[in-house]
Amino acid sequence: MAKYTLSVYMDNCPGVLFKITNMLNRRGFNIESLAAGITDDPSKSRMTVIVSSDKFQVDQVVKQMNKIVHVLDITVLEREKMFQRELLLVKVGIKDFATRNEIIELAEVFRGRVVDVSNTSITIESTGDEEKNNALIQLLKPYGIETIARTGVIALERGKYNQN
Amino acid sequence: MKIKGTKIILECLLEQGVDTVFGYPGGTILNLYDELYDYKDKITHILTAHEQGASHAADGYARSTGKVGVCFATSGPGATNLTTGIATAYMDSSPVVFITCNVVDPCIGTDAFQEVNITGISAPITKNSYFINHIDDLAPSIREAFTLAKSGRPGPVLLDVTKDVTAAMGEFTPMTKEEYIEELIKTDKVNRPVFRGIKHAELQDGIIDTVLELLEESQKPFVIAGGGIIKAGAEKELKEFVEKYDTPVCSTLMGLGGIDAHHPLFTGMIGMHGTQTSNQAVTNCDLIIGLGTRFNDRITCSSSVFGEKAKIIHVDIDEAEIDKNVQTDCSVVGDLKAVLTLLNQKMAEKSYCHEEWKKTVAAYQEKTVYNESKYLNPKEMIEFVEKETNGEAIIATDVGQHQMWAAQYYTYKRPKQSITSGGFGTMGFGLGAAIGSKIGNPEVPVVHITGDGSFRMNSNELATVSYYDIPIITIVFNNTVLGMVRQWQHLMYQERYSETTLDRAPDFVKLAEAYDIKGYRVDTMEAFKIAFREALESGKPALLDCKIDKDEMVNPMVAPGSNLTNFILD
Ligand SMILES: Cc1ncc(C[n+]2csc(CCOP(=O)(O)OP(=O)(O)O)c2C)c(N)n1
Ligand SMILES: [Mg+2]
């Protein structure tokens, strides 16, 4: 099973997200992550869907999505021709001064940023592809992770490849 | 010009050429029904006994006329009563526009009296469901809904309008159906994948040549004509194609009538209850040409062994059907009428002959021996119905053994003659569908073939038949069992007849009489002939309660999940 990244250009109106997730669910497609946001045209949004599947299934996902009225265009992004980003916020409990420093150092190695510190916890922000964030989480685990929030992956095609 | 929301709805229906609506009123849709009162001479409303009946009637109307069916219902239970009808239309690609009204916008989401999220409920069983809580969206949504229902692969669409929108005043500029399409083509919207079918889509370069090459190569071709032929109105093109290419052709349940069943190249239905000839032919051919079929599991029985020895060409208007159930060697996405026309043109110069193969196919004799029936013989009954109606009748069925008999034994000669719930298999579909068919085709005799189980589900629509005096002949194949399920229990569950015996009320003849409809109790073929003739001549609604042995079987039958020639009944 491979991971496929779909970039879906669609209407930004009530019910769209529901219709798409409803279809994906009913067809039994295996969705790893889904993230949507408004575009420069406020009436449109772009959604990035990561499908964990084979080529055959991905074709099916695209064809079924194409039948949704609100969808304007779908691109299956190829690995070499795109970049992906995900934002991670992770809150770690701190026992003492030393562990706090260790965590800050770790964050720096990952080009993360400290966004909040209190006496009992520290919150780090990290941007990157999914694997990078997974790695950071693994390293933070021993310190005791309190909460995690991730945006899900968003992706775009690289400069010379044009998307719609 | 500013007019009321309800007027916008009805004006939009008129623009789309709608003159008949099936429905049922209630609290939230009161405004619309009030407006309808003033449109009595332009729009005929048929009040059914139940919203499900209305949904099937609108569907039957659409299937039998090719026009878009329209159905109204109120919010809450009115709307949820439609759902089986919507799903039935969806699975068989029938264009129906459902209009429901919801509670006023400020109450949406508050669990107000009779509030239900029908746009959400119907999302997976419609081409689109529109929630309209703004008057400016009303006319554009209705116009888009009709266009969507009919374009590409047809299907149901639902519009849910809040009650305040029906009462609001809104700007309205009249626009004919044609003008709307013209406008749409000028906008970006037409480039959306879902609207691709509206502009004549260009076929992929060279694809027809690939098809021609495969046709050229094949010694043993076989055509499967599906419901798409009927939806596309491509029956003439299909006939020309199979004659030119000199190929045997079968039909799916939904494709019946797509080619005249009397045609010498026709091999009958394919699939679980298909003919020996069709099932043998598809198994032994070297090229399967699927036209407007989705290779459903009732057709292939096992998609893994289906067409093992053959290459597969698939033509369908819905891209999502390509390679969904079977892997094809060549596929064309497009309108069947356009594709077949093009193909026929390109084939004009060539000549094809498959004499040897046709002989082989002809030798796949039907083995089926018809046992003596204890009571009435279903085959004889249906053949008699065909004879008496000159093969012209529209046959609307329910679901079960009687449905398969109606498919096997009536010789359908034209499209839109067989009205049956194929994809969803909805018991209770038949009577509503027959009502819609008769209203859409007043000149054509309509026979409703049903089973005792199916009929018991929605027999309430006899009230509609009676009130509007719709001359439908209902033939109840009364075997006192859920015959089709019992057949499976007989074959696969060691005759453990769990909950499939229906030895219970009502007396269908008395039931008909309660609705002021003539009922006939029929125990012999002689009585059947007399009753059917009399009913047909009377020009009035009638019901024939016909005694069928509970152990009567549908044969042939292929075991689900196995090779199409693995008949467990032949
Ligand atoms: C609404 C619905 N419920 C259940 C079924 C399952 N089912 C399929 S055929 C059948 C038996 C139908 O009995 P009847 O209408 O008497 O027809 P027969 O097979 O006896 O001719 C049943 C229960 C169905 N198709 N639809
Ligand atoms: Mg029965």
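Letters A, B, ... mirror the listed sequences (proteins, then strands); counts begin at 1. Just so it is clear, the model here is predicted, and its values are computed rather than measured.
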**Smallest separation among heavy atoms of A:Val71 and B:Pro193, with atom names** = O-CD, 3.3 Å
**Item:** Contacting region of A:Asn66 [heavy-atom separation from chain B under 4.5 Å]
**Value:** both
**Message:** For A:Arg79, is the CZ atom crowded, meaning more than 12 foreign heavy atoms sit under 6.0 Å from it?
**Reply:** no
**Request:** State whether the side chain of A:Lys19 and the backbone N or O of B:Ser129 hold a donor-acceptor pair below 3.5 Å, judged by distance alone.
**Result:** yes
**Complete:** Bottom line for B:Asp188: the part with an atom under 4.5 Å from chain A's heavy atoms is neither
**Item:** Top of B:Leu148, B:Asp318, B:Thr119 for chain A proximity - count of heavy-atom pairs under 4.5 angstrom
**Value:** B:Asp318
**Request:** Report, as yes or no, whether the 6.0 Å neighbourhood of atom CZ on A:Arg111 holds more than 12 heavy atoms from other residues, nucleotides or ligands.
**Result:** no
**Asked** A:Met23, A:Gln64, A:Gln57, A:Met65: which one forms the most heavy-atom pairs within less than 4.5 Å of chain B?
**Response** A:Gln64
**Asked** Which pair of heavy atoms, one from A:Phe56 and one from B:Lys324, lies closest together, and at what distance?
**Response** CZ-O, 4.0 Å
**Heavy-atom side-chain proximity of B:Asn128 to A:His70 below 4.5 angstrom** = yes
**Prompt:** So, for B:Ala123 and A:Phe18, which heavy atoms are closest and what is the spacing to 0.1 Å?
**Reply:** CB-CE2, 3.6 Å
**Message:** Taking side chain as everything from C-beta outward and backbone as N, CA, C, O, which of these in B:Lys127 sits under 4.5 Å from a heavy atom of chain A? Side chain, backbone, both or neither.
**Reply:** backbone
**Complete:** d(A:Gln60 CD, B:Glu319 CD) to nearest 0.5 Å is 9.5 Å
**Asked** In a check of side chain to side chain contact (heavy atoms under 4.5 Å, CB included) between B:Arg192 and each of A:Ile68, A:Asp73, A:Leu72, which one passes?
**Response** A:Leu72
**Message:** Between B:Gly152, B:Ala320, B:Gly120, who has the most heavy-atom pairs with chain A when the cutoff is under 4.5 Å?
**Reply:** B:Ala320
**Item:** Main-chain N/O of B:Ile322 paired to A:Lys63 side chain as donor or acceptor, under 3.5 Å
**Value:** yes
